[in-house]
Amino acid sequence: MIRPESTLIIDLPGPDLTPQDARWLRDHPVGGVCLFARNITTPERTARLTADIRDALGRDVLIATDQEGGAVLRRLDVPPPPTPQALGELGEAAAAFHAGQIAARGLLDLGINWNFAPSLDVNVDPLNPVIGERSFGADPQRVAQLGVAWAQGSEAAGVLSAVKHYPGHGDTRVDSHEDLPVVDKTRAALEAAEWVPFRAAAQAGLGSVMTAHILYPQLDPARPATLSPTLLDGVLRGEWGYGGVIVTDAMDMGAIARRWPQGRAAGLALAAGADAVLVCGHGDRAVTDAHVRALRAAQADGTVPEERLHEALGRLRAAGTHFPGQPRPYPAPQRQADDAALLDWARRALRVQGQGPYLDPRAPTLLLAPSGTALGGPYGDVVTLDDLRAALRPHLPALVTADLLDPAATARVLNAHPQAPVLLASTGRWGVTAQAQALAQGLQGRAWHLCLWNPDDAHALTLPAVVTHGFRPPNLQALAEVLASH
């Protein structure tokens with residue numbers, strides 16, 4: 001009899017495999033492990049972690065992470081793939097393919113052989129709280145072309161891709177990490193937009209597809225896509241002929257866990273056609289154990305037939321065979337070439353909107369940016385005032401800075417330099433802050449808006465803007481260069 005936990009993809013609490021974790025893995029032959037920023041530290045330590053995981057399980061296994069590019073990166077000490085939205089600006093399939101290779105090279109170097117990327121969500125609603133710059137854009141055909149190329153680049157470099165979030169998360173105002181979004185669209189509307197990239201991915205035979213915890217009531221009024229036989233076994237498998245791995249988004253997310261607690265959705269996902277059930281409880285073994293018990297119960301009561309488990313396990317093992325986790329070194333010359341490509345893309349994706357003030361490197365320029373910002377969802381970090389200061393000061397040595405979250409400090413700097421040009425930074429995922437909007441009214445004619453996250457935020461302030469489509473080092477270098485030239 002198949003152990004049903006062999007379909008689970010679990011997480012771990014820290015950067016090392018503890019003896020307790022190792023014993024648990026030896027007792028539970030899970031299908032894989034997903035790593036997060038808390039697990040990825042120095043290259044040597046993380047490579048040891050992946051080797052220890054495989055040693056505890058007694059076999060090669062799929063080890064995953066989210067190395068999408070832009071704001072969603074887990075490994076930060078290698079060339080950082082650009083935001084998909086920046087690649088959408090370039091519109092070059094060759095660049096997207098190369099970006100997928102860059103992401104893969106930084107993972108396989110550590111023994112990570114599954115990347116939960118790229119997002120093939122069409123950015124239908126730019127105000128949705130979870131996709132934004134993670135999307136290649138609002139044009140379904142462009143998203144299909146670039147997203148498939150990115151995934152093919154990843155797989156050509158040895159890392160299994162996972163296009164997400166099928167059948168589309170780009171037209172929601174609810175974050176599925178928190179609650180269940182509803183997309184009340186007809187099938188015809190979905191086929192014209194959200195489904196275009198996923199159908200292309202299925203036809204291209206990409207290695208895996210990740211589901212969305214979203215209810216599409218006009219196709220299945222009872223179950224979100226992750227649990228829907230109509231959308232998984234019916235459309236994706238049956239109509240589109242997809243033969244790769246279907247993996248769920250994390251089952252501890254609010255959209256699922258609030259309605260099917262204690263892992264009760266795990267068996268439903270497998271019965272609907274999923275092959276791998278992702279459980280990421282921040283390393284909380286009680287969450288994982290609840291899913292193990294729920295899967296065993298679903299096997300016992302026939303919710304998940306033995307042949308369904310056999311099929312799922314066969315797909316997972318085939319993927320692991322095709323994408324082995326043997327680390328592949330990422331040599332320095334290749335990193336340097338990739339860094340050069342990233343800087344070239346950052347320069348070409350950057351957009352200047354309007355005409356802002358001249359910045360004299362010999363005179364003070366004021367930089368107003370938040371010292372931090374709220375994140376949530378899949379996002380791990382954000383550019384800070386310190387990051388911007390470090391990037392800009394070599395080009396603007398007289399730079400004067402203030403924390404935008406400290407009104408008193410901001411007022412002191414503005415009062416001390418009443419004529420100096422201002423750089424007002426918009427750096428958060430939640431749009432332009434009230435502080436920035438209030439300040440912008442008094443800065444007409446003397447300020448640039450630095451739009452470093454969502455390019456749609458550039459329209460929120462009546463200031464000329466520099467839109468970088470990202471805040472990683474290549475983006476900040478391109479930003480500094482363009483500001484020094486204006």
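We count residues from 1, following the sequence as given.
- The side-chain heavy atoms of Leu190 and Phe198, taken from C-beta on, include no pair separated by under 4.5 Å.
- Taking CG of Leu313 as the reference point, atom CG of Asp275 lies at 9.5 Å (rounded to 0.5 Å).
- The minimum heavy-atom distance linking Gly69 with Pro84 is given by the pair O-CD, 4.4 Å.
- In summary, the side chains of Thr462 and Gln444 do present a donor paired with an acceptor at a separation below 3.5 Å, with no hydrogens or angles considered.
- To the nearest 0.5 Å, atom OG of residue Ser208 and atom CH2 of residue Trp114 are 5.0 Å apart.
- Put simply, the residue from Ile53, Ile9, Val277, Leu57 that forms a side-chain contact (heavy atoms from CB on, under 4.5 Å) with Val30 is Leu57.
- A 4.5 Å side-chain heavy-atom check between Thr365 and Leu367 finds every atom pair outside the cut-off.
- Contact annotation: the side chain of Gln353 never approaches that of His449 to less than 4.5 Å [non-hydrogen atoms, C-beta and beyond].
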Quick one: do Trp453 and Thr83 satisfy side-chain contact (heavy atoms from CB on, under 4.5 Å)? Show the steps, please.
CA-CA 10 Å; Trp453 193 288; Thr83 64; over 6 Å; no

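- Pairing each heavy atom of Ser371 with each of Asp403, the nearest pair is OG-OD2, 2.8 Å.
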(message) Applying salt bridge (charged side-chain N to carboxylate O under 4.0 Å, His left out) to Arg347 and Asp344, what does each step give before you reach the verdict?
(response) CA-CA 5 Å; Arg347 286 167 173 159; Asp344 172 62; over 6 Å; no

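- Counting heavy atoms from C-beta outward, Thr468 and Cys451 have side chains that stay 4.5 Å or more apart.
- Thr401 OG1 to Leu388 CG: the interatomic distance, rounded to the nearest 0.5 Å, is 10.0 Å.
- Minimum interatomic distance between Pro81 and Leu342 (heavy atoms only, all atoms of both residues): CA-CD2, 4.1 Å.
- With hydrogens and angles left out, the side-chain atoms of Gln477 and Glu481 include a donor and acceptor closer than 3.5 Å.
- Judged by distance alone, the side chain of Tyr242 and the main-chain N or O of Leu232 form no donor-acceptor pair under 3.5 Å.
- When each of Thr50, Val33, Asn39 is paired with Ile112, the side-chain contact (heavy atoms from CB on, under 4.5 Å) condition holds for Thr50 and for no other.
- Side-chain N/O atoms of Glu133 and Asn454 include no donor and acceptor closer than 3.5 Å.
- A donor-acceptor pair under 3.5 Å is formed between the side chain of Arg54 and the backbone N or O of Gly111.
- Legend: side chain to side chain donor-acceptor pair (under 3.5 Å) pairs involving residues 148-159, not counting sequence neighbours, sorted by first then second residue: Glu155-Ser161.
- Although no hydrogens or angles enter the test, the distance criterion places no donor-acceptor pair under 3.5 Å between the side chain of Trp240 and the main chain of Gln203.
- A salt bridge does not link Arg335 to Asp338: none of the charged nitrogens lies less than 4.0 Å from a carboxylate oxygen.
- Residues Pro361 and Leu396 share a closest heavy-atom pair of CA-CD2, 4.3 Å.
- In this structure, Arg348 pairs ionically with Glu92, as a charged nitrogen and a carboxylate oxygen lie closer than 4.0 Å.
- In summary, the side chains of Ser135 and Asn123 do not present any donor paired with an acceptor at a separation below 3.5 Å, with no hydrogens or angles considered.
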| said: Between Arg351 and His469, is the side-chain contact (heavy atoms from CB on, under 4.5 Å) condition met? List the steps. | reply: CA-CA 9 Å; Arg351 299 288 180 263; His469 297 100; 4.0 Å; yes

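- When side chains are defined from C-beta on, Leu404 counts as touching Leu424, because their heavy atoms get closer than 4.5 Å.
- Remark: Leu392 CG to Leu399 CG distance equals 6.0 Å, nearest 0.5 Å.
- Using a distance-only test at 3.5 Å, with no hydrogens or angles considered, a donor-acceptor pair links the side chain of His213 to the main chain of Ala250.
- Nearest approach of Leu108 to Gly158, heavy atoms of both residues: CD2-O, 3.9 Å.
- A salt bridge is defined here as a Lys NZ or Arg NE, NH1 or NH2 lying under 4.0 Å from an Asp or Glu carboxylate O, and Arg315 with Glu311 meets this definition.
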- Query: Stepwise, does the side-chain contact (heavy atoms from CB on, under 4.5 Å) test hold for Val124 with Lys185?
  - Reply: CA-CA 12 Å; Val124 177; Lys185 287 186 170 182; 4.1 Å; yes

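- Applying the side chain to side chain donor-acceptor pair (under 3.5 Å) test between Lys164 and each of Asp249, Asp121, Asp66 identifies Asp66 as the sole match.
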(request) Report the C-alpha distance between Val352 and Trp448 in whole Å, list the side-chain angles of each, state the deciding distance to 0.1 Å, and finish with yes or no for side-chain contact (heavy atoms from CB on, under 4.5 Å). (result) CA-CA 10 Å; Val352 177; Trp448 285 101; 3.8 Å; yes

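- Taken from OG1 in Thr7 to CG in Leu270, the straight-line distance is 4.5 Å, to the nearest 0.5 Å.
- Shown here is His459, whose NE2 atom has more than 12 heavy atoms of other residues, nucleotides or ligands within 6.0 Å.
- Inspection of the Thr65 and Arg74 side chains reveals no N or O donor paired with an N or O acceptor under 3.5 Å.
- Shown here is Arg317, whose CZ atom has no more than 12 heavy atoms of other residues, nucleotides or ligands within 6.0 Å.
- Counting heavy atoms from C-beta on, the side chains of Met210 and Leu278 come closer than 4.5 Å.
- No side-chain heavy atom of Arg48 sits less than 4.5 Å from a side-chain heavy atom of Thr42.
- A distance of 9.5 Å separates CG in Asn113 from CG in Leu107, rounded to the nearest 0.5 Å.
- Here the side chains of Leu73 and Arg472 are in contact, with some heavy-atom distance below 4.5 Å.
- The two atoms that bring Asp109 and Pro327 nearest to each other are O-CB, 3.9 Å, heavy atoms only.
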